[in-house]
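Contents: one structure, followed by commentary.
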Number of protein chains: 2
Amino acid sequence: MANNPEIPANTADSTRDAPTCYCPVGGVMELLSRRYAMQLICAVGAIGPVRYNEVEGAFGDVSSSTLSSRLDELVEAEYLSRERYAEIPPRVEYELTDTGEELCHRLEPLLEWVEDQETT
Amino acid sequence: MANNPEIPANTADSTRDAPTCYCPVGGVMELLSRRYAMQLICAVGAIGPVRYNEVEGAFGDVSSSTLSSRLDELVEAEYLSRERYAEIPPRVEYELTDTGEELCHRLEPLLEWVEDQETT
DNA sequence: CAGAATCCATTCGGATACTG
DNA sequence: CAGTATCCGAATGGATTCTG
């Protein structure tokens, strides 16, 4: 929620712009840096509408509290949508929002590459 | 993407693997999830060979200890190289390794998008 | 200049147990 | 099934001080 009113623009002696340096990006990166966050986005993107247990299974071992938190945060950030069906037993499905999908597109090349690096 | 409601993503008894889900990726993501890590990669990629103080300046406010740690870790992970020149005053330059550059390519679309989201 | 070392507040995430 | 609540150890990152 760091909506900084003071934009730390290039207040320095910059008569020229520095080449795009993404240093000042703030809040969103903090969210994405939390554990499983990026994988979560990609997982939902890859699997499609997904239920809690499926996610839990996809990650070898996650504590439910952690996963739950991450899910909540991503829903609140509107990267994921949460649909709750009034059934018994209850069913909840998470899905990428439009924004989430865009994010996912940027995440996939990264994750793919990372995975590739590790499996060698 | 697999967002077609007509096509069930994961059928009941899947003897095959779910579509690429990057859940199990481990160590590298933990490194990248540390504070400033991704921005650091991109910053070095954008600015080129860069000195400690330049980096420090690029980020509004970072503690030297944190920045130093991150730099070390990225060097050790061989995403950055560290060249120390025997001069007075001492000069040190960080640069992307080949691996780091590949990583940077995957990071840039993400960071660019994130920045875009925040400045609107 | 480019850090290393130390100390510490905060946060994060896992384990466990419980609920609508 | 899909979480929530609580507790707690571990890790993170910032401030400060010092150095080759």
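Naming convention: chains lettered A, B, ... in sequence-line order (proteins, then strands); numbering from 1 in each chain. The figures that follow rest on heavy atoms only: side chains count, while hydrogens, waters and symmetry mates do not.
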Chi angles and distances behind the side-chain contact (heavy atoms from CB on, under 4.5 Å) call for B/Leu40, B/Val55:
CA-CA 8 Å; B/Leu40 216 33; B/Val55 181; 3.3 Å; yes

Distance in angstrom units between A/Tyr52 OH and C/dG20 C1', rounded
15 Å

Let me know, please, whether A/Pro90 or A/Asp72 comes out on the 5' side of the other along DNA chain D by nearest nucleotide.
A/Pro90

Shortest side-chain distance from B/Asn53, nucleotide among C/dC1, D/dA2, C/dA4
C/dC1

Here the distance between atom C1' of C/dG13 and atom CG of A/Leu71, to the nearest Å, is 15 Å

Which part of the nucleic acid does A/Arg84 contact within heavy-atom distance under 4.0 Å: base, sugar-phosphate only, or nothing?
nothing

Is A/Arg91 close enough to D/dA2 that one of its side-chain N or O atoms is under 4.0 Å from OP1 or OP2 there?
no

With a 4.0 Å cut-off on N to O distance, would you call A/Arg91 and A/Glu93 a salt bridge?
yes

Can you tell which of C/dA2, C/dG14, D/dG13 lies closest to the side chain of B/Val92?
C/dA2

Does A/Ser63 make a side-chain N or O approach to OP1 or OP2 of C/dA15 shorter than 4.0 Å?
no

Rounded to whole angstrom units, what separation is found between the CD atom of A/Glu73 and the P atom of D/dT4?
12 Å

Can you tell me if A/Arg35 touches the phosphate of C/dC12, counting only side-chain N or O atoms and a distance under 4.0 Å to OP1 or OP2?
no

Across the strands shown, which category fits A/Tyr36 at heavy-atom distances under 4.0 angstrom: base, sugar-phosphate, nothing?
sugar-phosphate

Under 3.5 Å: donor-acceptor pair, side chain of A/Glu54, backbone of A/Arg51:
yes

What is the distance, rounded to the nearest whole Å, between atom CG of A/Leu32 and atom P of C/dC12?
14 Å

Protein-nucleotide distance (B/Leu74, atom CG; C/dG3, atom P), rounded to Å
13 Å

Contact check, side chains of A/Glu30 and B/Arg35, non-hydrogen atoms, under 4.5 Å
yes

The nucleotide from D/dA2, C/dG14, C/dT16 with an atom nearest the side chain of A/Ser64 is C/dT16

Tell me the interatomic distance from B/Leu67, atom CG, to C/dC1, atom P, rounded to whole angstroms.
15 Å

Would you mind telling me which residue lines up with the more 5' stretch of DNA chain D, A/Ser65 or B/Arg34, judged by nearest nucleotide?
A/Ser65

Taking atom CD as the centre, does B/Glu76 end up with more than 12 heavy-atom neighbours from other residues, nucleotides or ligands that are less than 6.0 angstrom away?
no

To the nearest angstrom, the OH-P distance between B/Tyr85 and C/dA2 comes to 12 Å

Determine the contact category for B/Tyr94: base if any of its heavy atoms lies under 4.0 Å from a base atom, sugar-phosphate if only primed atoms, P, OP1 or OP2 are that close, otherwise nothing.
sugar-phosphate

According to a strict under-4.0 Å criterion, is A/Arg82 in side-chain N/O contact with OP1 or OP2 of D/dG3?
yes

Interatomic distance where CG belongs to A/Leu40 and P belongs to C/dG13 [whole Å]:
12 Å

